[in-house]
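Start at 1 and go down the list; that is how both ligands and their atoms are numbered.
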Amino acid sequence: MCKLKRIVHSIVLMTIFLSLFSACQDEFAQPQVLKKKALVLGFAQLGDESGWRSGNTISIQKAASDGNIQLMFSNAEQKQENQIKAIRSLIAYRVDVIAFAPIVENGWDNVLTEAKQAGIPVFLTDRYIRTDDAGLYACYIGSNFQEEGKRAARFLKKKFADEDRTINIVELSGTVGASPALGRSEGFYKELSDDSKFKIITSQSGDFMRSKGKEVMNNMLKKYRNIDVLYSHNDAMTLGAIDAIENAGIRPGKDIVIISIDGEQAAIDLLKIGKINCVIECNPMLGPTIVDTAKKLVRGESVPKNIYSEEKVFTEWDDLTDLPPRGY
Ligand code: AHR
């Protein structure tokens, strides 16, 4: 009887010990999961020159927080040297992965070589770079700027299909040396090159900014009396140019046909009331793809070299009543 009691006693003790042990194991496992280091993405933004750019920044910040990654974000205020400095700081901090929107195409090889030597993957977002060594960056995420320029030209060909006269175009281009400015011009000229009635009478940079768009358009209106079309590389400059056009007593969208790129809410609203004739979409909502790509690169997975956004064209001929709010 006493022996049986001892056996029961030892079974009870063993059970208590085993359950305590497994509880301890759970306790040890839990904090380890919680303590796991969040992936750190360093992002060097080029500035805050337009509504498009603000939308792009918000999209990146929101996607990082939704995706539980740590974001080290900097704003270069439109200066390449600030962007290079920011990338150098991210390398020194040893972030897991770096992304940046290069303000201009040239001049990145040195800093990207430093990132490569530090073993930190880098990818481009929004804008391309020009380099002989494509191995310096993992991939590009953003728009196809040449295609945007071609889309603008196709709208013009359709708009003036029945007219047999010279169509005088002024071009408000973006930041000098920036890939969207170069691509949007190149695609536009290429697509119009087979129709000699389209004449680009001047092309001047408004640096993708509303204030400069207004200033440049003002000067163009003083110099040229015969403008049929304004082709503007972004909505911010278009909004400034429309101020200048209206101040000069000219009707935007009627006396001067206006094509703009981006698709900000303000531009879509002007398209709806006939002050802009065509808006080529350029999608700033790149955050989710950026975060997804950052995670893949840190895991060592391969990604496509070019990841293009899907984009639309909105024209004066479309019914836009049900178009959802743009969000930028
Ligand atoms: O690089 C994208 C361009 O940059 C957008 O069209 C413009 O609004 C921004 O400044």
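Atom CG of Asp194 has more than 12 heavy atoms from other residues, nucleotides or ligands within 6.0 Å. By the 6.0 Å contact criterion, NZ on Lys197 is enclosed, its count of non-hydrogen atoms from other residues, nucleotides or ligands being greater than 12.
Within the listing of ligand 1, atoms 1 (O), 2 (C) sit less than 4.0 angstrom from a heavy atom of Asp126. Less than 4.0 angstrom separates some heavy atom of Asn234 from each of these atoms of ligand 1: 6 (O), 7 (C), 8 (O), 10 (O). Taking every non-hydrogen atom of Arg127 and a distance limit under 4.0 Å, the qualifying atoms of ligand 1 come out as 1 (O), 3 (C), 4 (O), 9 (C), 10 (O). Below 4.0 Å from some heavy atom of Pro180 lie the following atoms of ligand 1, by number and element: 1 (O).
Glu148 and His233 share no donor-acceptor pair across their side chains, judged by distance under 3.5 Å alone. Side-chain polar atoms of Asn283 and Glu311 form no donor-acceptor pair below 3.5 angstrom. Counting only N and O atoms by type, the side chains of Asp318 and Thr315 include a donor and acceptor under 3.5 Å apart. Looking at Asn219 and Glu215, their side chains never bring a donor and an acceptor atom within 3.5 Å of each other.
Residue contacts with ligand 1: Asp262 is placed with a nitrogen or oxygen under 3.5 Å of a nitrogen or oxygen of the ligand (distance criterion only).
Contacts of Arg184 with ligand 1, taken as heavy-atom pairs under 4.0 Å, involve the side chain alone.
The closest non-hydrogen atom to atom 9 (C) of ligand 1, taken over Met209, Gln78, Glu49, Glu148, comes from Glu49.
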